[in-house]
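Notes follow the structure.
So you know, we letter chains A, B, ... as the sequences are listed, proteins then strands, and number each from 1.
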Amino acid sequence: MMCYRTGRLACIGVLLMAVAFFAVPPAGTCGEPGSVMVLEAEVVGGEAGPEKITESQVEAAQQLSSARIYGLAGLWLLVALCILLISFQWKDDEHLYTVGYYRKDLDH
Amino acid sequence: MFDVKNEVSNRIGLGFIINLARKKLVPVHRHSIWYYMGGMLLFLFMIQAATGPLLLFYYKPTAEAAYQSIQEIMVNVPCGWLIRSVHHWSSNLMIVVVFAHFFSTLLVKAYRRPREVTWLTGMAMLVVVLFLGYSGYTLPFDERAFFALNVGTEIPGAIPVVGEYMMEFLRGGPSVGEQTLNRFFAMHVGILPLALMIIIGVHVLLVQLHGMSIPPSVEKKAAEKGAEVPGKPMFPHLVWHDLVNCLILFGIVVTLAVLMPSGLDPEIDFLKPAPAGVKPDWFFLWVYQILKWMPTFVLGLEGEVVGIVGVGAAAAFIGLVPFVDVKSQRGKLSPLFTAIGVVSLVVFVVCTIIGFF
C-alpha cells in the first residue's frame, strides 16, 4: 500500500515538474512574435485608414514556430497529468463500488 | 469546519445528480465503445460555443469587411489564429463524431422502441451540425466561400416546385452577395446554435429517460445464457471515462489547430469565373460525387434533379428507419437493415474519398 502511494506521488511529482518546465518558454529560445502588432500608417493628406493586411502576414501567422511546439508539449503533459490523476480517482471509486460502498450510500 | 462540497451540494442538488448517476447502470458489452460518442459530441459543441463568441468579438458580417476582419483575427488579435483554428477543427471533428454516432446507432439498432423520438432528434442534430459546418465555411467570404455559396445554394434550386424559392431565400436575392452573407451569418450564430442546443437538450433528456440501448445480438446472447447483460454505474465508470476522452480530444483539437491552422483563400473577385473542379467541404463530398456520377438525363428528367431527389429520399428513408424496421422492433435480428446500414456507410466513405481525390 505504502509503495503504491509513493509511486502515485512520484508520478504526480514528475509530471508536475515537467508541466512547470513547459509552462513558461525560456527567453530567447522561442522566437514567437508579439501577439499584438502595432500597425504604422503614413498620413498623406487627411486621415489614413488602417493598413491593409497582406497575404504574407496571414501566412506568417500560420507558421509553425518552436514556441508553438513547446506549448503543445506542455499541453500534452498537462493532459497526461490530468488523466493520471483521474485514473487514480477512478481506481478508488471502482474499489468503493466493488466493496458496496455506493449501494450502502444509496440505501440511506 | 466549512464543507464546500456539502454547501454546494445542498444548494444545487449535486448529491441528487450523483446518486442518480450511481444508480444508473451502463451496459458493458463489446459495443460499449459507441456509448462514448455522445459525450464527445457534447464536449466538441462546448468548444464551439466557447470559441465562437470570441471570434464574434472581431468578425464583421459585411461583404466589404468580412474578409479583412478574418485577416485581423489571424494577424492582430492575440491568439486569434489559434482560436479560429480550434473552432475550425472542433467543428470538423464534431461532424466526424456526429457521423460516427449516427452510423453506430444505425448499425446497433439503437433506434428500437421506445427510442424512436431519440433517433429523430439525433437525425435533426446531424442535419443542423452539417448546416452549421457549411454556414461557418462561408463566413470568411473568401474565394472558396464565394464558390461554395454559389454551388451550395444552387443545389436546393434543383428541387422541383420549391427549389427556386428555397434558392432565393438562402441567397437573399437572385445572386450571391451581401444579403447571402448576412443570412448565413444569422443562421450560423443565431438560429442553428439555438436549434442545436434545444435538440441536444431533448436528446440527452430522452437518453437519460430510456437509458442506453443494448444491441439485439448482445441481448440474444445474454438470453441464451439466461443471464442479464452486465452493467457498470454511470458514476464513476462512464463519467471518468468521458472526462478522459474529452481531455484527449481537446489535445487532438489543439494539436491539429497548431500543426494545420485554418487557412484563408484570396479575396473574392466577383468578375473571376469559377475555377475548374470547385468542390464543397469534405462533409458534402459524398453528395457531390453522387451528383457528379449522374448522367445528364435520366428517363427524360434532368440528372441533377434525379440525384438530389434520390439522395433526399434515401436520407428520409433512413430517418424513418425505426418505423420501417419491424423485425428489430419485435426484438428479432434484422439482417436487411444491417445491410442497409453497412451499404450507407460504405457509400458515404467511398464517395467522400473519391470526391476528395
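- With a threshold of 4.5 angstrom between heavy atoms, B:S85 does not approach chain A through any atom at all.
- When all heavy atoms of A:Q62 and B:G263 are compared, the pair lying nearest together is NE2-CA, 3.2 Å.
- Minimum heavy-atom separation, A:I86 to B:L243: CD1-CD2, 3.5 Å.
- In this structure, no portion of B:I73 lies under 4.5 Å from any heavy atom of chain A.
- Atoms CD and CH2, on A:Q63 and B:W81 in that order, are 11.0 Å from each other to the nearest 0.5 Å.
- At a 4.5 Å heavy-atom cutoff, the contact between B:I248 and chain A is made by backbone and side-chain atoms alike.
- When each of B:V239, B:I70, B:L247, B:L264 is scored by its heavy-atom pairs under 4.5 Å with chain A, the top score falls to B:L247.
- In this structure, the separation between CD1 on A:I83 and CH2 on B:W240 is 13.0 Å, given to the nearest 0.5 Å.
- Nearest heavy-atom pair, B:I252 versus A:W76, reported as atom, atom and distance to 0.1 Å: N-CZ2, 3.6 Å.
- Listed here is the closest heavy atom pair of B:H237 and A:W90: O-CZ2, 3.7 Å.
- At most 12 heavy atoms of other shown residues, nucleotides or ligands fall within 6.0 angstrom of atom CZ in B:F250.
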Between B:V258 and A:I69, does the side chain to side chain contact (heavy atoms under 4.5 Å, CB included) criterion hold? Intermediate values first, please. CA-CA 8 Å; B:V258 171; A:I69 295 170; 5.9 Å; no
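- Across all non-hydrogen atoms, the minimal contact from B:Q71 to A:I53 is NE2-O, 3.3 Å.
- A:E55 CD to B:D265 CG: the interatomic distance, rounded to the nearest 0.5 Å, is 9.0 Å.
- Rounding to the nearest 0.5 Å places CZ of A:R68 at 8.0 Å from CG of B:L82.
- Residue-environment remark: CD1 (B:I12) exceeds the threshold of 12 foreign heavy atoms within 6.0 Å.
- Looking at A:L64, only its side chain comes within 4.5 Å of chain B, counting heavy atoms on both sides.
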